[in-house]
A.B. asks: 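Below are the structure tokens for one structure; questions will follow.
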Amino acid sequence: MAFPSFLFLLILLPLFFSNIPFSLSQSQLSPDYYRQSCPNLDNIIRDVVTTKQISNPTTAAGTLRLFFHDCMIGGCDTSVLISSNSFNKAERDADINLSLPGDAFDVIVRAKTAVELSCPGVVSCSDILALATRNAITMVGGPFYTVNLGRKDSLVSTQSSVEGHMPLANMTMDEIIKKFESKNFTVQELVALTGAHTLGFAHCKEFAYRLFRYSKTVPTDPAYNPKYAEALKKLCHNYEKDPAMSAFNDVMTPSKFDNLYYQNLEKGMGLLESDNALFQNPKTRPFVQLYAKNQTAFFNDFARAIEKLSLNGVKTGNQGEVRRKCDAFNSIHI
């Protein structure tokens, strides 16, 4: 008796697709997801982001950082936007998320409000955050990339779920590489995504040890450019009394998305220890040098990497919901 060909295919297909890092949830996303239900979505969000960025120029950096933190912990599902209540301590109250900027949360609240006025109950907060991030990046000079839509918002957000998922500034580069590899990102994608440090700032407390107490014999990290280190010392001299004191990640063009961040690394002007390690580590240095010379290569690789990040752990169908308010589940979870 001949073996039915369709049965043969049913056996082989799972083996074939098991080697492809592409989930069923991702396949349900599309750039045109809201074409019928909310056709003016992108323009609505762009207008909100533009207004907010003009009034608060750190909004783009904050939104990008918020998006990264959200996607790295459980996927791009805006679990990071949920506020804690008496029943649950949410992600945003984890130590690493406490410094996420208020302007980033605010722009998403404003965008959600504007979208709800036009298309009530249709667009998820997760898609709004993904679009707001892309629009913020392009507004400050960064690359345009496609945002696939159709995400649902998470049904869970816990403080305890954050531990161990985020790369930390004091990790070795090999540890950071392993952290990204666990999320299916290559070394090159890691270096490209870290180029987000071309925007924004870091609080002095995050790198002050490199300036004032690097070791018992050498108070200042010798990897710092000496003039850069002296300028940082003056800026951060009172950081213990004023915890809000901060420095730009890219001192040259802090509000422009460009490749000067990588050029700064070559000059010993990496603000965080992880920035400096990006240039020192032999696995990551070639990509730093490439992007320092070639902004087009950086933009192309960053666009591909963040598009990939935007698909990480997405929820679709009954895996999530479309929240009425981005900081609260539609029903109380006990």
A.B. asks: Scan for salt bridge (Lys or Arg N to Asp or Glu O under 4.0 Å) pairs involving residues 184-207, sequence neighbours excluded, and state none if there are none.
C.D. replies: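 Sorted result for residues 184-207: E189-K308.
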
A.B. asks: Is a donor from one side chain sitting under 3.5 angstrom from an acceptor on the other, for H165 and K183?
C.D. replies: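 Judged by distance alone, the side chains do pair up.
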
A.B. asks: Can you name the closest pair of heavy atoms from R210 and G270 and give their distance?
C.D. replies: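 Taking R210 first and G270 second, the nearest heavy atoms are NH1-O, 3.0 Å.
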
A.B. asks: Under a single-linkage definition using a 4.5 Å side-chain heavy-atom cutoff for Ile, Leu, Val, Met, Phe, Trp and Tyr, are V109 and F67 assigned to the same hydrophobic cluster?
C.D. replies: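 Different clusters.
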
A.B. asks: Should I128 and V115 count as side-chain neighbours, where that means a heavy-atom distance under 4.5 Å?
C.D. replies: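 Yes; the side chains approach each other to less than 4.5 Å.
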
A.B. asks: Please give me the minimum heavy-atom distance between P31 and T146, naming the atom from each residue.
C.D. replies: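 The answer is CG-CG2, 3.7 Å.
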
A.B. asks: Establish, from distance only, whether the side-chain atoms of D93 and S84 form a donor-acceptor pair under 3.5 Å.
C.D. replies: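 Yes, a side-chain donor-acceptor pair sits under 3.5 Å.
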
A.B. asks: Check the pair S161, I73 against side-chain contact (heavy atoms from CB on, under 4.5 Å), reporting the backbone distance first and the verdict last.
C.D. replies: CA-CA 7 Å; S161 66; I73 303 165; 4.1 Å; yes

A.B. asks: Within the distance-only criterion (no hydrogens, no angle test), does the side chain of N312 pair as donor or acceptor with the backbone N or O of C71 below 3.5 angstrom?
C.D. replies: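 Yes, the answer is positive, given that a donor and an acceptor are paired below the 3.5 Å cut-off.
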
A.B. asks: side-chain hydrogen bond (donor to acceptor under 3.5 Å, both in side chains) with R134: which residues, sequence neighbours excluded?
C.D. replies: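 If we apply the side-chain hydrogen bond (donor to acceptor under 3.5 Å, both in side chains) test to R134, skipping adjacent residues, the hits are D42.
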
A.B. asks: Could you go through the side-chain contact (heavy atoms from CB on, under 4.5 Å) check for S154 and F329 one step at a time?
C.D. replies: CA-CA 8 Å; S154 72; F329 301 120; 4.2 Å; yes

A.B. asks: Check the hydrophobic clustering (I, L, V, M, F, W, Y; side-chain heavy atoms under 4.5 Å; chains of links allowed) and say if M139 and I306 are grouped together.
C.D. replies: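 No, M139 does not connect to I306 through the hydrophobic network.
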
A.B. asks: For E163, does the CD atom have more than 12 heavy-atom neighbours from other residues, nucleotides or ligands under 6.0 Å away?
C.D. replies: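 Incorrect, the count does not exceed 12.
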
A.B. asks: If you define the side chain from C-beta out and look only at heavy atoms, does anything of F68 sit under 4.5 Å from M166?
C.D. replies: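 The answer is yes, as the side chains (C-beta and beyond) meet within the 4.5 Å cut-off.
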
A.B. asks: I want to check something: taking the side chain as every heavy atom from C-beta on, are M173 and Q280 in contact at a cut-off of under 4.5 Å?
C.D. replies: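 In short, these two side chains do not touch, never coming nearer than 4.5 Å.
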
A.B. asks: Answer yes or no: does atom CZ of R35 have more than 12 heavy-atom neighbours from other residues, nucleotides or ligands under 6.0 Å?
C.D. replies: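 At most 12 heavy atoms, drawn from other residues, nucleotides or ligands, come within 6.0 Å of this atom.
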
A.B. asks: Tell me, do V187 and F180 make a side-chain contact under 4.5 Å, heavy atoms counted?
C.D. replies: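 No, too far: nothing below the 4.5 Å cut-off.
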
A.B. asks: So, D70 and T78: side-chain donor and acceptor under 3.5 Å apart, yes or no?
C.D. replies: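 Absent: no donor and acceptor within the cut-off.
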
A.B. asks: Would Q188 and V191 count as a side-chain contact (heavy atoms from CB on, under 4.5 Å) here? Give the steps.
C.D. replies: CA-CA 5 Å; Q188 184 164 8; V191 179; 5.8 Å; no

A.B. asks: So, the side chain of D77 versus the backbone of D153: is there a donor-acceptor pair under 3.5 Å, distance only?
C.D. replies: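 Not at all, since once roles are kept as given, no pair shorter than 3.5 Å links the two residues.
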
A.B. asks: Go through the steps for Y34 and D127 under the test side-chain hydrogen bond (donor to acceptor under 3.5 Å, both in side chains), then give the verdict.
C.D. replies: CA-CA 10 Å; Y34 298 108; D127 281 340; 2.6 Å; yes

A.B. asks: Using only atom types and a distance under 3.5 Å, with no angle test, would you say the side chain of N249 pairs donor to acceptor with the backbone of L199?
C.D. replies: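 Flag set: sc N249 to bb L199 pair under 3.5 Å.
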
A.B. asks: Answer yes or no: is there a donor N or O on one side and an acceptor on the other, between the side chain of N225 and the main chain of K267, under 3.5 Å?
C.D. replies: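 Checking the backbone N and O of K267 against the side chain of N225, a donor-acceptor pair under 3.5 Å is found.
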
A.B. asks: Y228: what forms a ring-ring contact (aromatic ring centres under 6.0 Å, His included) with it, not counting sequence neighbours?
C.D. replies: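 Checked Y228 against ring-ring contact (aromatic ring centres under 6.0 Å, His included); matches are Y224.
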
A.B. asks: Is there a side-chain hydrogen bond (donor to acceptor under 3.5 Å, both in side chains) between T253 and D250 once you walk through the steps?
C.D. replies: CA-CA 6 Å; T253 55; D250 172 6; 2.9 Å; yes

A.B. asks: Hey, quick one: are V140 and L131 part of the same hydrophobic cluster, counting side-chain heavy atoms closer than 4.5 Å, chains of contacts allowed?
C.D. replies: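 Per the 4.5 Å side-chain linkage, V140 and L131 are co-clustered.
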
A.B. asks: Scan side-chain atoms only and decide if N97 and E91 contain a donor-acceptor pair under the 3.5 Å cut-off.
C.D. replies: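 Their side chains do not contain a donor-acceptor pair, so the 3.5 Å distance test is not met.
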
A.B. asks: If every non-hydrogen atom of L271 is compared with every non-hydrogen atom of D275, which pair is closest and at what distance?
C.D. replies: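 Nearest pair, atom of L271 first, then D275: N-OD2, 3.6 Å.
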
A.B. asks: Above 12 or not: heavy atoms from other molecules or residues under 6.0 Å from CG of N318?
C.D. replies: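 At most 12 heavy atoms, drawn from other residues, nucleotides or ligands, come within 6.0 Å of this atom.
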
A.B. asks: Could you tell me whether K52 and D103 make a salt bridge, using a distance below 4.0 angstrom between a side-chain N and a carboxylate O?
C.D. replies: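 Here K52 pairs with D103 in a salt bridge, since their nearest N and O are under 4.0 Å apart.
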
A.B. asks: With a 4.5 Å cut-off on side-chain heavy atoms, are I177 and T284 touching?
C.D. replies: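 Yes, close enough: below the 4.5 Å cut-off.
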
A.B. asks: Kindly indicate whether the side chain of K325, heavy atoms from C-beta on, has any atom under 4.5 Å from the side chain of N330.
C.D. replies: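 A side-chain contact is absent here, since even the closest heavy-atom pair is not under 4.5 Å.
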
A.B. asks: Hey, are T58 and N56 close enough side-chain-wise for a donor-acceptor pair under 3.5 Å?
C.D. replies: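 On atom types as modelled, these side chains do not qualify, holding no pair under 3.5 Å.
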
A.B. asks: Consider only side-chain heavy atoms of I, L, V, M, F, W and Y, link residues closer than 4.5 Å, and tell whether M72 and V314 are in one cluster.
C.D. replies: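 In one cluster with M72: V314, no.
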
A.B. asks: When you measure from the side chain of T63 to the backbone N and O of T133, does any donor-acceptor pair fall under 3.5 Å?
C.D. replies: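 Between the backbone of T133 and the side chain of T63 there is no qualifying donor-acceptor contact (under 3.5 Å).
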
A.B. asks: Should L168 and V80 be counted in the same cluster of Ile, Leu, Val, Met, Phe, Trp and Tyr side chains packed under 4.5 Å apart?
C.D. replies: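 Shared cluster, yes.
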
A.B. asks: I'd like to check the ring-ring contact (aromatic ring centres under 6.0 Å, His included) partners of Y262; sequence neighbours left out, ordered by chain and number.
C.D. replies: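 For Y262, the residues satisfying ring-ring contact (aromatic ring centres under 6.0 Å, His included) (neighbours in sequence not counted) are Y291, F298.
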
A.B. asks: Nearest heavy-atom pair of Q53 and T59: which atoms, and what distance?
C.D. replies: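 In this case the closest contact between Q53 and T59 is OE1-CB, 3.4 Å.
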
A.B. asks: Using every non-hydrogen atom in the two residues, find where A202 and L272 come nearest and quote the distance to one decimal.
C.D. replies: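 Minimum heavy-atom contact is CB-CD2, 4.1 Å.
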
A.B. asks: Distance-only, no hydrogens or angles: does the E175 side chain make a donor-acceptor pair with backbone N or O of T172 under 3.5 Å?
C.D. replies: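 Here the side-chain-to-backbone pair exists.
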
A.B. asks: Check the pair K233, T220 against side-chain hydrogen bond (donor to acceptor under 3.5 Å, both in side chains), reporting the backbone distance first and the verdict last.
C.D. replies: CA-CA 10 Å; K233 286 179 183 178; T220 304; 2.8 Å; yes

A.B. asks: Ignoring hydrogens and angles, tell me if any N or O in the side chain of Q263 forms a donor-acceptor pair with the backbone of A292 under 3.5 Å.
C.D. replies: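 At least one qualifying donor-acceptor pair exists.
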
A.B. asks: Could you check whether E116 pairs with K112 (Lys NZ or Arg NE/NH1/NH2 to Asp/Glu carboxylate O, under 4.0 Å)?
C.D. replies: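 Judged by the 4.0 Å cut-off on N to carboxylate O distance, E116 and K112 do form a salt bridge.
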
A.B. asks: Does S157 offer a backbone N or O that forms a donor-acceptor pair with the side chain of N88 under 3.5 Å?
C.D. replies: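 Checking the backbone N and O of S157 against the side chain of N88, a donor-acceptor pair under 3.5 Å is found.
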
A.B. asks: For a side-chain contact (heavy atoms from CB on, under 4.5 Å) check, start with the C-alpha distance between L260 and T198, then their side-chain angles and the critical distance, and finish with the verdict.
C.D. replies: CA-CA 7 Å; L260 261 65; T198 185; 5.6 Å; no

A.B. asks: Please confirm whether the ring centroid of F257 lies under 6.0 Å from the ring centroid of F299.
C.D. replies: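 They qualify: ring centres under 6.0 Å apart.
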
A.B. asks: Take atom CG of D95 as the centre, draw a 6.0 Å sphere, and report whether it contains more than 12 heavy atoms from other residues, nucleotides or ligands.
C.D. replies: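 No, CG of D95 has 12 or fewer neighbouring heavy atoms, counting only those of other groups under 6.0 Å.
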
A.B. asks: Would you call K283-D174 a salt bridge at under 4.0 Å N-O?
C.D. replies: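 Salt bridge: yes.
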
A.B. asks: Would you say the side chain of V49 lies within less than 4.5 Å of the side chain of R46, judging by non-hydrogen atoms?
C.D. replies: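 SC-SC contact between R46 and V49 ruled out.
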
A.B. asks: Looking at Q295 and N259, would you say the former's side chain and the latter's main chain have a donor-acceptor pair under 3.5 Å?
C.D. replies: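 At least one qualifying donor-acceptor pair exists.
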
A.B. asks: Short question: side chain of R151, backbone of K315 - any donor-acceptor pair under 3.5 Å?
C.D. replies: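 No, because the side chain of R151 does not come within donor-acceptor range (under 3.5 Å) of the backbone of K315.
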
A.B. asks: For H203, what residues pass the ring-ring contact (aromatic ring centres under 6.0 Å, His included) criterion, not counting sequence neighbours?
C.D. replies: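 Partners of H203 under the ring-ring contact (aromatic ring centres under 6.0 Å, His included) test: F201.
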
A.B. asks: Show the nearest heavy-atom pair for residues L211 and C236, with the distance to one decimal.
C.D. replies: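 Smallest heavy-atom distance, with atoms named: CD1-CB, 4.4 Å.
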
A.B. asks: Is a side-chain donor-acceptor pair under 3.5 Å present for E273 with Y209?
C.D. replies: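 Yes, a side-chain donor-acceptor pair sits under 3.5 Å.
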
A.B. asks: Angle class for the F212/Y239 ring planes (parallel below 30°, perpendicular above 60°, tilted otherwise)?
C.D. replies: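 Judged by the thresholds at 30° and 60°, the geometry between F212 and Y239 is parallel.
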
A.B. asks: Should T158 and K89 count as side-chain neighbours, where that means a heavy-atom distance under 4.5 Å?
C.D. replies: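 SC-SC contact between T158 and K89 ruled out.
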
A.B. asks: Applying ring-ring contact (aromatic ring centres under 6.0 Å, His included), name anything that partners F207, two or more places apart in sequence or on another chain.
C.D. replies: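 F207 satisfies ring-ring contact (aromatic ring centres under 6.0 Å, His included) with no residue once adjacent residues are dropped.
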
